[in-house]
Amino acid sequence: MPSRSWFSKALLPWYTGNKRDLPWRNTADPYRIWLSEVILQQTRVDQGLAYWQRFVRRWPAIADLAAASEDEVLKEWQGLGYYSRARNLRVGALQVIQEHEGTFPRSHAGLLKLKGVGDYTAAAIASICFDQAEAVVDGNVYRVLSRVFGIVTPIDSSEGKRVFKMLASELLSKEHPGDHNQAVMELGATVCTPRNPDCTACPLLGLCIAQKEGRIALLPVKSKKQVVRIRHFNYLVIPSAKGLWMRQRKGKDIWQGLWELPMLETERSATSSVLLELVRKSLRTTSAAPWSVKKTGLPVEHLLSHQRIIATFWACEPVGQWRSPDEWKMVSPKELKKLAVHRLMERWMEKA
Ligand code: SF4
């Protein structure tokens, strides 16, 4: 097979001259690199930078993060979504402290044993921090490679995952694996973007099959259509002189561990009589007179990767005796600011 060293030969000098100056590029500390990789799986660099800076200011070393509580980490992560990543970060930090005497494993296989670290993150840490020849494959890499090599194998198929991983490993510079990996991702993030890539600024112009054949918009190929689940959340805004009733989400559902207003989920958009019946059952109200419930404004849509949440906020006026469920908590305005809430709740709080 002819050598494909032309790929890294074109890419590495471009990376040296064009990479963005980001704080995690000036360190080989695996804790800080790990943090940046996990944050950047959630958001763009401009937003992720502020989160990264806040994390390293508050928890400068991995031992500091390991000593933090889950609530503290979730609060700092607030707004990024996919909160299991934040929980895993903390558990992974504990593993490094307790099982590896505070030193990160250097091998890809060792890194994979840390909670929440998958193939991508393990390859990124191993190559950037320890010069291991492990190729990363993320969305940017799929896009760049599928276009440069004109590959039509769907990236969300098991065959696609195998093909792209093999190609990325074959192309990887064995002398500079960390820079090579970062260069492909940087090209995908800044030049070979999903829409309107800036081909004139690309070091691979002239070598890129999609560009030569006018197939840029067709690549990469995805096979599956994502099924989106629609859910109706009814939030209860129950006024009190002391503050606001809130509850912490438990169980295996979305937003685990985060706080929100008390919520009743319905199959479809609820009428006030349906909601009243639910309130009566769940709060064991004793008064014959029903509560008054009134929709406040239009329902709010909130999109997650596989779910569309339609949230209705109900102003409730309790009548007679009622018992709040055990998981509810009366929260003062001061305490409210300290709670980790999900983005939908944050949007409501900003408005309210
Ligand atoms: S030439 Fe254009 S499409 Fe091809 S890799 Fe470069 S930016 Fe992407």
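Whatever order the structure lists them in is the order used to number ligands and atoms, beginning at 1. Keep in mind it's a predicted model, so treat the numbers as computed, not measured.
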### Message
On a heavy-atom basis, which atom in Val73 and which in Ala86 lie closest, and how many Å separate them?
### Response
CG1-O, 3.6 Å
### Query
Nearest to atom 8 (Fe) of ligand 1, what protein heavy atom do you find, and at what distance?
Cys192 SG, 2.5 Å
### Query
Would you call Glu72 and Arg58 a salt bridge, using N to O less than 4.0 angstrom?
yes
## Note on the structure
Candidates Pro197, Cys208, Cys202; heavy atom nearest atom 4 (Fe) of ligand 1 found on Cys208
### Task
State if Val144 counts as touching ligand 1 under the rule of any non-hydrogen atom under 4.0 Å.
no
### Query
Does Arg4 count as lying over the ring of Phe7, i.e. NZ or CZ under 6.0 Å from the six-ring centre, within 45 degrees of the axis?
no
### Task
Could you tell me whether the side chain of Arg44 and the main chain of Ala189 form a donor-acceptor pair under 3.5 Å?
no
### Message
Closer than 4.0 angstrom, basic N to acidic O: yes or no for Glu335 and Lys338?
### Response
no
### Query
Against heavy atoms of Gln211, which atoms of ligand 1 measure under 4.0 Å?
1 (S)
### Task
Below 4.0 angstrom from a heavy atom of Val148, which ligand 1 atoms are there? Numbered from 1 as shown, please.
5 (S)
### Cys199 contact mode with ligand 1 (heavy-atom cut-off under 4.0 Å)
both
### Query
For ligand 1, which atoms, with element, lie under 4.0 Å from some heavy atom of Ile216?
3 (S)
### Query
Would you call Glu350 and Arg343 a salt bridge, taking side-chain N to carboxylate O under 4.0 Å as the test?
yes
